Amino acid sequence: MNRRVRVRFAPSPTGPLHIGGVRTALYNYLFAKQNGGDMLLRIEDTDSARFVPGAEDYIVEALNWLGITIDEGVGVKQPGKHAPYRQSERKAIYRKYVDQLLDAGLAYIAFDTPVDLEAKRAEIANFQYDAKTRGLMANSLTLPADEVKARIERGEQYVVRIKIEPNEEIKVQDLIRGEVVINSSVIDDKVLFKSSDELPTYHLANVVDDYLMEISHVIRGEEWLPSAPLHVLLYRYLGWTDVMPEFAHLPLLLKPDGNGKLSKRDGDRLGFPVFPMNWKDAKTAETSSGYREAGYFPEAVVNFLALLGWNSGTEQEIFSMQELIELFSLDRVSKSGAKFDYEKGKWFNHKYLQSKPLEEVADLFQHILIGKDIVEDSEKVKKIVELVRERANFITDLWEQSSFFFIAPTTYDEKTVRKRWKDETPEQMQELIQLLDGIEDFSVENTEEIVKEWIAAKGYNMGGIMNAFRLSIVGEGKGPHMFDIISLIGKQETTARLQKAIEILALN
RNA sequence: GGUCCAUUCGUCUAUCGGUUAGGACGCCAGGUUUUCAUCCUGGAAAGAGGGGUUCGACUCCCCUAUGGACUACCA
């Protein structure tokens, strides 16, 4: 079948979008764009009880930040011809299909309350609502028609369940896993619709919407694989087999340590973000950290995520979104779950930080400086960033690497002092002050030449002088080339810092 | 418990019957450097186990083990 590629990302607004969901969205997007198709965003809010305000906006903003653009649906100015794209707003649409199934005898009404079901589960081991047990329950298959009618009229709550015929091999063709076969006897008569809120459950809403929205490919997490046969059956029951989308079930993102699927809690526990952006929980007032606020570039997050479960088959590791769109393919998606390796994520960001235009990085750093009430000439900031960025993984690391350019040290790293500040040092530094004070041209080349000549002439030890010099200027034994530093902070600041170091360190 | 999916270095992965099993992150060592990083070079590090099929299996099949998902009037 040759039809337009249309995929959807269909999250449930029960909280912030988590990184696994982001990857699902990304793969959908890459697939759609590669095939010149459409990417839809549909909000699956059929569970009124779990709805979280703000979650939808969060999802839209996160996708936007990452550069995963939506062509149709929620978050788009002109949502599209299949509006609305929020399932809660599509109530009226689903009822029709529920009735169609009911009329055809492919679904039935069940009155069993959660309490009844609980009791049955306690009573019968491995209880499942299916062909074997539905005869024991209170439903339109066991109750006389007039009683069913009466109960409904009385306002009794009910659900509509799919009627699964037992003992049939249901085949699902999966683009990643090949053919998956399941016996219909192990599928239970899933609830399709609940009268309590007049809303369908995921299974029905999902199939109906995918059909109506002309979805060609369903690309979703592996957790859906077990219910895929049910969905196949639903397409059949509804008479839509010929336009059933193709399925691709993505491997899961697993915890970096131990076992299990990566969860929201792992972020706090292991100290790295599992969300694209910060999220403030309205109830607990807790904030979960996000990649954006942690200093990640969206390109790095996309690149990192793209390679968690997919590879190009080459040894290339750095890909732009455009390259990913060109190269992505579902048959190079791996089948097994991927443990989430945060260290590699850092490396990706490091790579992007190095390859970004200097102006862009400097501009981002300026914002951090402003936040610290530091006002500095942009040309100078650019030079500083140029000197220190290779040692940073994140924009936020830049401060730690360069703070001494802006603020003179007030304390001196103890270990470095012990190692680098000798008895003869104060006198040497005093001489250095004199020397520097006499230099007119404070350029890197000039100061370096003069100081080195002085060291040689005096017969001093190069390392001894330079390390003490560094300690005085930086406050510890780190940082870029000394002459680069002093040329940026200037003569006056340099000599002042030396003077101060001599005074303070003399007290030890 | 049941059903389904999966299984190559610690991690992400390449390999689509014949390779010294390759790359990347991380780790270790060396080099560069006035320091710390960066960077460069090198190194250690893998086919879960057992049966088949085959001239030949990481690769195909079966069993076992292990991991994971699902098993709600949640998605």
Side-chain angles (χ1 to χ4, degrees), chain A residues 10-14 44-47 49-50 110 112-114 117-118 121 125-126 128-129 157-161 172 174 176-177 180-183 185-188 190-197 199-203 205-206 220-229 249 251-252 254 256-257 259-261 304 307-318 331-332 334-348 350 354 388-392 397 401 413 416 419-420 448 451-452 455 461-471 474 476-483:
Chain A
S12 167
T14 53
E44 310 230 327
D45 52 353
T46 53
D47 185 1
R50 292 211 310 160
D112 319 273
T113 65
L117 292 169
E118 207 44 60
R121 287 190 190 107
N126 295 327
Q128 173 173 287
Y129 211 122
Q157 289 198 347
Y158 63 91
V159 297
V160 174
R161 285 179 182 274
V172 179
D174 186 279
I176 295 169
R177 283 149 221 285
V180 176
V181 184
I182 226 179
N183 191 292
S185 298
V186 303
I187 310 175
D188 61 334
K190 280 265 178 315
V191 171
L192 299 179
F193 179 88
K194 45 222 155 72
S195 72
S196 58
D197 54 8
L199 245 23
T201 59
Y202 171 83
H203 304 292
N206 188 260
R220 72 224 307 188
E222 194 186 350
E223 69 268 30
W224 293 109
L225 192 53
S227 52
H249 290 92
L252 263 15
L254 272 17
D257 61 338
N259 312 318
K261 164 161 93 151
F304 173 41
L307 258 32
L308 230 41
W310 172 85
N311 73 87
S312 68
T314 68
E315 286 177 0
Q316 184 177 349
E317 300 250 26
I318 302 295
D331 46 53
R332 291 204 67 87
S334 49
K335 297 180 176 70
S336 50
K339 282 191 184 167
F340 192 79
D341 181 11
Y342 186 65
E343 286 303 321
K344 188 125 189 193
K346 277 156 68 168
W347 176 79
F348 275 109
H350 179 258
Q354 308 316 314
V388 302
R389 79 149 146 191
E390 64 187 20
R391 44 220 313 149
D397 291 346
Q401 295 298 336
D413 181 64
T416 314
K419 197 169 165 193
R420 310 291 194 191
E448 177 159 8
V451 172
K452 281 187 174 170
I455 291 171
N461 173 277
M462 173 81 109
I465 298 293
M466 293 309 293
N467 286 312
F469 189 16
R470 175 178 300 281
L471 176 65
V474 176
E476 50 190 315
K478 67 164 197 187
H481 194 59
M482 271 315 291
F483 300 100

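Residue numbering restarts at 1 for every chain, and letters A, B, ... go by the order of the sequence lines. Every value quoted in this text rests on a predicted model; they were computed, and no experiment measured them.
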Quick one: which of [options] gets closest to the side chain of [X]?
| X | options | result |
| --- | --- | --- |
| A/Arg332 | B/G22, B/U15, B/A75 | B/U15 |
| A/Trp224 | B/G23, B/A75, B/C4 | B/A75 |
| A/Ala338 | B/G23, B/C4, B/U13 | B/U13 |
| A/Ser196 | B/A14, B/C73, B/C4 | B/C73 |
| A/Asp341 | B/C70, B/C73, B/G10 | B/G10 |
| A/Glu315 | B/A75, B/G22, B/A72 | B/G22 |
| A/Ser336 | B/U34, B/A6, B/A69 | B/A6 |

In whole Å, I'd like the distance from the [atom1] atom of [X] to the [atom2] atom of [N].
| X | N | atom1 | atom2 | result |
| --- | --- | --- | --- | --- |
| A/Lys194 | B/A75 | NZ | C1' | 10 Å |
| A/Lys346 | B/U11 | NZ | C1' | 14 Å |
| A/Asp47 | B/A75 | CG | C1' | 8 Å |
| A/Ile182 | B/U71 | CD1 | P | 12 Å |
| A/Phe340 | B/G26 | CZ | P | 15 Å |
| A/Leu308 | B/U13 | CG | P | 6 Å |
| A/Tyr342 | B/C25 | OH | P | 17 Å |
| A/Leu254 | B/A69 | CG | P | 7 Å |

Pairwise [atom1] distance for [N] and [M], with rounding to whole Å:
| N | M | atom1 | result |
| --- | --- | --- | --- |
| B/C28 | B/G68 | P | 29 Å |
| B/C55 | B/A65 | C1' | 31 Å |
| B/U33 | B/C39 | C1' | 10 Å |
| B/G22 | B/U59 | C1' | 16 Å |
| B/U13 | B/U53 | P | 33 Å |
| B/G23 | B/G43 | P | 9 Å |
| B/C60 | B/C40 | P | 37 Å |
| B/G26 | B/A21 | P | 26 Å |

In B/S/- notation, 5' to 3', how is nucleotides 35-42 of chain B contacted by protein heavy atoms closer than 4.0 Å? BBBBS---
Would you indicate whether A/Lys335, at its atom NZ, is surrounded by more than 12 heavy atoms from other residues, nucleotides or ligands within a distance under 6.0 Å?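 No, the 6.0 Å shell around NZ holds no more than 12 heavy atoms from other groups.
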How is [X] classified with respect to the nucleic acid when contacts are heavy atoms under 4.0 Å: base, sugar-phosphate, or nothing?
| X | result |
| --- | --- |
| A/Arg220 | nothing |
| A/Val181 | sugar-phosphate |
| A/Val159 | base |
| A/Lys261 | sugar-phosphate |
| A/Arg161 | sugar-phosphate |
| A/Gly464 | nothing |
| A/Ser227 | nothing |
| A/Asp188 | nothing |

Going by purine N1 to pyrimidine N3 plus the second Watson-Crick contact, or the G-U wobble pair, all under 3.5 Å, which nucleotide sits opposite [N]?
| N | value |
| --- | --- |
| B/G67 | B/C5 |
| B/C60 | B/G52 |
| B/A37 | none |
| B/U20 | none |
| B/C25 | B/G10 |

Nearest-nucleotide 5' precedence on RNA chain B, A/Glu317 against A/Ala110: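 Its nucleotide being nearer the 5' end, the pick is A/Glu317.
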Taking for each residue the nucleotide of RNA chain B bearing the nearest heavy atom, is the 5' side occupied by A/Glu223 or by A/Asn126?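 It is A/Asn126 whose nearest nucleotide is closer to the 5' end.
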With the threshold set at 4.0 Å, does a side-chain nitrogen-carboxylate oxygen contact exist between A/Glu476 and A/Arg470? no
Any salt bridge linking A/Asp341 with A/Lys344? Criterion: basic side-chain nitrogen under 4.0 Å from a carboxylate oxygen.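 A/Lys344 and A/Asp341: not salt-bridged.
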Should A/Tyr342 and A/Trp347 be marked as a ring pair (Phe, Tyr, Trp, His ring centres under 6.0 Å) after you check the CA-CA gap, both sets of side-chain angles, and the distance that decides it? CA-CA 9 Å; A/Tyr342 186 65; A/Trp347 176 79; over 10 Å; no
For A/Asn311 and B/U13, is the shortest distance between a side-chain N/O and OP1 or OP2 below 4.0 Å? no
Check whether any side-chain N or O of A/Ser334 sits under 4.0 Å from OP1 or OP2 of B/U13, and answer yes or no. yes
Any donor-acceptor pair, under 3.5 Å, between the side chain of A/Arg50 and the base of B/C74, if you only look at N and O atoms?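 Flag set: donor-acceptor pair detected.
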Regarding B/A24, can its base be found pairing with the side chain of A/Lys344 as donor and acceptor, where the two atoms are less than 3.5 Å apart?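 Donor-acceptor pair under 3.5 Å: yes.
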Got a donor-acceptor contact below 3.5 angstrom from the A/Glu44 side chain to the A/Asn206 backbone? no
Under a 3.5 Å threshold, yes or no: a donor from one side chain and an acceptor from the other, between [X] and [Y]?
| X | Y | result |
| --- | --- | --- |
| A/Ser336 | A/Ser334 | no |
| A/Asp112 | A/Tyr129 | yes |
| A/Glu448 | A/His481 | yes |
| A/His249 | A/Arg220 | yes |

Pairwise side-chain contact, A/Phe340 with A/Leu308, heavy-atom cut-off 4.5 Å (strictly under):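 Heavy-atom side-chain distance check passes, below 4.5 Å.
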The test is side chain to side chain contact (heavy atoms under 4.5 Å, CB included); show your working for A/His350 and A/Lys346 and say whether it passes. CA-CA 6 Å; A/His350 179 258; A/Lys346 277 156 68 168; over 6 Å; no
